[in-house]
Amino acid sequence: MRATTAGVVGAALLASTALGLAPSTAAAPAAPTSTAYTAAPAAAPTLRFVDIPGSGGITLKANVYTPAGYDGTQRYPVVVLPSSWAINDLEYLAQEKLLADSGYVVVSYTSRGFWLSGGEIETAGPPDVADVSEVIDWTLANTPADPDRIGMAGVSYGAGISLLGAAHDPRIKAVAALSGWADLVESIYQGRTPHLQAAALLGGAAYLTGRPSAELQSILSNFLSANLANEDTMIAWGRLRSPLTYVDRLNAHHTAVMLANAWGDSLFPPNQYADFYEKLTGPKRLEFRPGDHATAEATGLLGLPNDTWTDARAWLDHYLKGSDNGIDRQPPVQLKSRSTGAYEGYADWSAVPSRTEKLALGAKGVRTGALGGDAGSGWRTTIGTGVDSGADGGVIFLSSLLDQFAKAPPTASIPLLPRAFAGVWQSQPYATARHLRGTAVLHTTLTPSAANGTVIAYLYDVDALGTGKLVAHAPYTWIGKTPGKAFGTDIALQATAYDVPAGHRLALVVDTADPLYIGENPAFATVTFSSPAADPSTLSVPLRDE
């Protein structure tokens, strides 16, 4: 069933208020003040608040850190930090100070449309990309910045803008994009399924802290009402704002790109970052850690020790200052296990799993090498749609935070899941631990009773009592299929690094409703899973042998 726009945005407004986001002023910012820089030696880095002219004549509120001891003769590498969604330029002060202490000019600005910056929220559209170049121009004219050593970094919205800015401005030599997106469509419209809670929270925060453009308001309305008549417009809007669209430019510029994200990111899931990483040909690094959106680097914003920010500074130091700190010699793919908390290094994303175990989906019962037993063709499982079986992806932010800090992901009692509304396949208990590394893929054949519909696939780690801990999941929506006609499909679950203990089993659950998503299932519809002899249903599980 579809959610109404008004109800969802209203809920998001309440959620955003709970997060401490205050309403923004509707008044336009004051005219730019003088920003001329006067050299003045200082014993500590100096901080000043400035107005920077943005594209189209607006004003961007910003702050600038200058290294200590500047006497008018030196030039320093520069790092530009665009603010995150709904946050202002105070966001990065702790990290700015650390960067300035180590010899950087650091400029952070409030992205257009938010708080006291001018303009409207364009969601990393062309005006935001143009702002990046305007900020760099201003920085070179008003600070002791070295034009040959320019970098960008940011969290979330700031990460996306940094990647887009580097794709369009070759002066940017290095980027550290933390908890960002590379493919905006795949992030919040994964599997052709609108991510309800993610979009509602972002929309609510935008209304509370900024001035959404008419285009953004239209996109949110169409997205949250799952308006398929405007699907092509929404996808084109997302492609324009996706760094993946411009990956050839980043490669041509030979930009050094560091990507970091969380396994459970509710806004920008990890698969789209991994796919983007594989398409980069210049210096590159990929890091995944437990947690949710921006939680892996959150303590660093408070000035506390933080692995993500430590690596980001090392990345910038190497590619902007020439520091021989060894980060270029480390395995470029760094994964932190959700189970052990240990780091693992790999030469490439494709090298993460050492093998793939293909499990055949079967009928009822249990057999080694199969999920559900009696593997083979001829079986059919039919479930009703539009009813939540109790298998869910959790609650935005909360669930992955619990996984990050308490190793307590969403759970479900697998034996109690209603088979009328959930397809369930289980393996036998494993004699030894299974180390899941990478992306599990479900291949199956669906026969829907309705032209449109949605299923959600979940992979669980199940203990001896039948309690399943969520390992990964993903939604999938079909549009315009012929009722009663079978079709095959692949559903890539979100990538993970998770260890299934000895004695536990894997369970695949597929149902048709989840509070995280807007489904397309009409009332009283059904969907049938089957395994034709010519195209058997399987679950491919990526494993790392110890």
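At least one donor-acceptor pair closer than 3.5 Å links the side chain of N452 to the backbone N or O of G480. A donor-acceptor pair under 3.5 Å is formed between the side chain of Y246 and the backbone N or O of L240. A donor-acceptor pair is defined here as one N or O able to donate and one able to accept, closer than 3.5 Å; no such pair exists between the side chain of Q272 and the backbone of E186. Side-chain N or O atoms of N230 include none that pairs as donor or acceptor with a backbone N or O of N222 at under 3.5 Å. With hydrogens and angles ignored, the 3.5 Å screen pairs a side-chain donor or acceptor of R241 with a backbone N or O of E122. Between the side chain of T454 and the backbone N or O of E520, at least one donor-acceptor pair lies under 3.5 Å. Using modelled atom types, no side-chain atom of S218 and backbone atom of A214 make a donor-acceptor pair closer than 3.5 Å. With hydrogens and angles disregarded, a donor-acceptor distance shorter than 3.5 Å links the side chain of R338 to the backbone of V471. A donor-acceptor contact shorter than 3.5 Å is absent between the side chain of S413 and the backbone of T467. The closest donor-acceptor contact from the side chain of D292 to the backbone of F397 lies under 3.5 Å.
For the pair S399 and L402, the minimum side-chain heavy-atom distance is 4.5 Å or more. With contacts defined as side-chain heavy-atom distances shorter than 4.5 Å, the pair L359/T538 does not qualify. Side-chain contact between P483 and S449: absent, with no pair of heavy atoms (C-beta onward) separated by less than 4.5 Å. Within the 4.5 Å cutoff, the side chain of V333 has heavy atoms near those of the V352 side chain. The side-chain heavy atoms of T512 and V387, taken from C-beta on, include no pair separated by under 4.5 Å. You'll find the side chain of L184 reaches within 4.5 Å of the side chain of S242, heavy atoms only.
With sequence neighbours excluded, no residue forms a side-chain hydrogen bond (donor to acceptor under 3.5 Å, both in side chains) with H195. Scored by the side-chain hydrogen bond (donor to acceptor under 3.5 Å, both in side chains) test, R239 finds D183 as partners (sequence neighbours excluded). Taking the salt bridge (charged side-chain N to carboxylate O under 4.0 Å, His left out) definition, one finds that D307 meets it with nothing, sequence neighbours left out. Judged as a salt bridge (charged side-chain N to carboxylate O under 4.0 Å, His left out), and not counting sequence neighbours, the contacts of R437 are E344, D499. Every residue was checked against the salt bridge (charged side-chain N to carboxylate O under 4.0 Å, His left out) condition with E278, not counting sequence neighbours, and none meets it. Applying the ring-ring contact (aromatic ring centres under 6.0 Å, His included) test to F276 and every residue at least two apart in sequence or in another chain returns nothing. Residues that satisfy the ring-ring contact (aromatic ring centres under 6.0 Å, His included) test with W237, not counting sequence neighbours, are absent from this structure. Partners of F529 under the ring-ring contact (aromatic ring centres under 6.0 Å, His included) rule, at least two apart in sequence or in another chain, are W425. For the ring-ring contact (aromatic ring centres under 6.0 Å, His included) test, no residue two or more places apart in sequence or in another chain qualifies with H443. For E120, there are no salt bridge (charged side-chain N to carboxylate O under 4.0 Å, His left out) partners at least two apart in sequence or on another chain.
Checked against a 6.0 Å centroid threshold, the rings of Y277 and W349 do not count as neighbours. Ring pair H293/F268: centre-to-centre distance below 6.0 Å.
Applying the salt bridge (Lys or Arg N to Asp or Glu O under 4.0 Å) test to residues at least two apart or on different chains, the pairs with a partner in residues 225-236 are R192-E231. Listed by first and then second residue, the salt bridge (Lys or Arg N to Asp or Glu O under 4.0 Å) pairs involving residues 471-480 amount to none (not counting sequence neighbours).
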Evaluation steps, side-chain contact (heavy atoms from CB on, under 4.5 Å), between T445 and D535:
CA-CA 8 Å; T445 295; D535 188 21; 4.0 Å; yes
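In this model, no donor atom of one side chain and acceptor atom of the other lie less than 3.5 Å apart for S84 and S156. In the model, Y458 has a side-chain atom that pairs as donor or acceptor with a side-chain atom of D514 under 3.5 Å. Residues D461 and H504 have side chains that bring a donor and an acceptor to within less than 3.5 angstrom of each other.
Ring geometry, F114 versus W85: the interplanar angle exceeds 60°, so the pair is classed perpendicular (tilted spans 30 to 60°). Ring geometry for W263 versus F288: interplanar angle of 30 to 60°, hence tilted. Ring-plane geometry between F487 and Y476 is classed as tilted, the angle between the planes lying from 30 to 60 degrees on a 0 to 90 degree scale.
The only member of R289, E287, K336 that meets side-chain hydrogen bond (donor to acceptor under 3.5 Å, both in side chains) when paired with T308 is R289.
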